[in-house]
A.B. asks: 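Before I ask anything, let me first share the structure, which is written out below as structure tokens.
Proteins get letters first, then strands, A, B, ... in listed order; numbering begins at 1 in each. Keep in mind the model is a prediction, meaning the values are calculated, not measured. Hydrogens, waters and symmetry mates play no part in the numbers below; they use all other heavy atoms, side chains included.
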Amino acid sequence: MGHKTPLYSAHLASHAKIVDFGGWDMPIHYGSQIEEHNAVRTSVGMFDVSHMTIVDVTGADAKRWLQKLLANDVERLLEPGKALYTAMCNEQGGIIDDLIVYRMAVGYRMVVNCATREKDMAWMQKQLVGFDAQIRHQDQLAIIAVQGPRAVQKTADVLGNAYATAIAQLKTFHGIPVGEWFISRTGYTGEDGLELMLPAAAAESIWRSLLEHGVRPCGLGARDTLRLEAGMNLYGSDMDETISPLEAGMGWTLAWQPEMRRFIGRDALEAQKAAGVARAFTGLVMAGKGVLRGHQKVRTSLGEGETTSGTFSPTLGYAIALARLPAGASGEAEVEIRGKWQPVKIVKPPFVRNGKCVHS
Amino acid sequence: MSEIPSELRFMASHEWIRVENDGTAYVGISDHAQSALGDLVYVELPEVGDTITAGDEAGVVESVKAASDIYAPLTGEVVAINEALNDNPELVNSDPYGDGWIYRIRMADPEELEDLLSAEEYAEQIEEEADDQAED
């Protein structure tokens, strides 16, 4: 038996199919993954993502420490509440994890992946030496992601009062504390939406209120097809410790200025950039029948590459994939599916944003 | 709980077989299998006229989640395929034992039917699988 989130019994009550996910018993779907996916694209759905790890950073050196730890620069967080997407790299420039960091009224809050929790915590602990900074795993908090074009309004209506007032002023990629809660306008679906970090004890009643007001519970299956359509990376599939941000479509998250900020992995990444990155991270679409999956071989005019994750896109009605291909490859390519080479087209992700097809 | 019609035979790999009076048999995947796979988005059908051998791969069903081979329960010639699945693979989810049939075969050796599971045996097998999972 795996770990259970505070919403486990609520999932069972909604007839969730439960699977093991990184040691957690999580809902994969509640009947139909495609209907859940569509609910988020056209209306509103909610996900239990309490398995993710919230780590707060405090202390006089908190900022200076994060400027060493993270490849993006928390100096960019000009005001409290602002969020930043970043890689945490090892000395070789490989990605230990990708995460979101918020500037809080005091200190910072990071949200890191579930499957990488232990190694992340160990790595951070090790890097703390010599800094006046402390980290604390906030495991008393649950996280509910409410996503979709109607998510913000619906959540404000259901929560009411002080929450609604706070939500009304939230800009995209910002968060705001409300008592013990922290509400952010972020997500992993390519739609507008909120992520509610709240005390575990309150999670089930809030989940039930949202459910009663027509917010559809969505499992990790829909979360995966939604993030893939949105062209968002999944740690462990699209990147790992052997892959640098430059090879994972995350070059935009690397803050090279100021040059004196020597974040971990910087030397290796500078060398890689100077030498030229051999592999580029891109998207594939397949017009024909069949489904793209991770780790399928790709043949381009410039050589071979590999899909890193793929699926049938419920919004588009055909298969899509993220892939690492020889740099510069474009146009037509082929993917090997069960021994046969199928034609695909190389495109620039994302595939879908705000319910619409956006790939070239 | 999943439905298991008593008049059908099954393979341990979750295909069902309905024998007709004319020496042919329909093949599909069980309610249990479609439920485990989730929403189907693609079915790779065999071709009419193909000769297949019991135990061989005869097609593939793909859901948003995973791809799964469909094995041939019997040796023989494919005499019909369910072309409706090209545009509506979800028929396998909504009606696995009816409109979601996959192909029809002319049996070369009806004695092979003896090697297949009865509905009762199949029900026992999926119960055991569920027990194994619960122990993990």
Side-chain angles (χ1 to χ4, degrees), chain A residues 1-2 15-21 23-39 218-229 286-296 307 309-321 335-340 342, chain B residues 1-3 14 29-47 50 52 56-72 81-96 100 102-103 126 129-136:
Chain A
M1 303 299 269
H15 310 291
K17 185 175 164 65
I18 302 286
V19 298
D20 172 69
F21 184 83
W24 290 73
D25 289 342
M26 298 298 289
I28 182 87
H29 63 70
Y30 302 80
S32 169
Q33 179 174 333
I34 289 182
E35 285 172 23
E36 292 162 23
H37 177 107
N38 292 338
C218 300
L220 294 181
R223 189 169 159 82
D224 192 51
T225 48
L226 288 159
R227 71 93 194 166
L228 243 165
E229 287 187 344
M286 182 164 79
K289 296 204 177 264
V291 183
L292 297 169
R293 309 279 182 191
H295 308 295
Q296 289 168 334
T307 58
S309 52
T311 189
F312 173 83
S313 160
T315 306
L316 301 174
Y318 44 78
I320 58 173
V335 172
E336 188 179 29
I337 303 176
R338 291 187 289 276
K340 288 182 201 150
Q342 308 287 352
Chain B
M1 279 294 95
S2 71
E3 188 197 341
H14 308 289
I29 65 166
S30 73
D31 188 28
H32 174 77
Q34 70 75 19
S35 162
L37 282 164
D39 295 316
L40 289 198
V41 292
Y42 175 58
V43 181
E44 192 176 293
L45 298 162
E47 283 178 31
D50 280 357
I52 53 182
D56 282 1
E57 289 163 21
V60 178
V61 283
E62 295 217 41
S63 69
V64 271
K65 204 165 69 185
S68 180
D69 291 322
I70 316 167
Y71 294 96
I81 54 175
N82 186 358
E83 297 197 30
L85 300 181
N86 284 326
D87 291 325
N88 301 102
E90 68 276 9
L91 288 171
V92 176
N93 293 116
S94 57
D95 191 7
I102 294 173
Y103 65 97
I126 57 181
E129 283 177 14
D131 289 347
D132 288 349
Q133 276 174 5
E135 282 163 18
D136 285 347

A.B. asks: Under 4.5 Å heavy-atom distance to chain A, tell me which part of B:Val43 shows up: side chain, backbone, both or neither.
C.D. replies: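 No part of it gets close to chain A.
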A.B. asks: What pairs with A:Glu35 under salt bridge (charged side-chain N to carboxylate O under 4.0 Å, His left out), at least two apart in sequence or on another chain?
C.D. replies: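 If we apply the salt bridge (charged side-chain N to carboxylate O under 4.0 Å, His left out) test to A:Glu35, skipping adjacent residues, the hits are A:Arg216.
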A.B. asks: Using side chain to side chain contact (heavy atoms under 4.5 Å, CB included) as the criterion, point out the one residue from B:Asn93, B:Val41, B:Leu40 that pairs with A:Ile34.
C.D. replies: B:Val41
A.B. asks: Under the salt bridge (charged side-chain N to carboxylate O under 4.0 Å, His left out) rule, collect the residues that match up with A:Arg293, sequence neighbours excluded.
C.D. replies: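 A:Arg293: salt bridge (charged side-chain N to carboxylate O under 4.0 Å, His left out) contacts with B:Glu62.
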A.B. asks: Taking B:Tyr42's backbone N and O only, do any of them form a donor-acceptor pair with A:Lys289's side chain (distance below 3.5 Å, no angle check)?
C.D. replies: no
A.B. asks: Given the options A:His37, A:Lys17, A:Arg338, which has more heavy-atom pairs under 4.5 Å with chain B than any of the others?
C.D. replies: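 Most heavy-atom pairs under 4.5 Å with chain B: A:Arg338.
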A.B. asks: Counting only non-hydrogen atoms closer than 4.5 Å, does B:Ala67 touch chain A with its backbone (N, CA, C, O), its side chain (CB onward), both, or neither?
C.D. replies: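 Answer is both: backbone and side chain atoms of B:Ala67 are under 4.5 Å from chain A.
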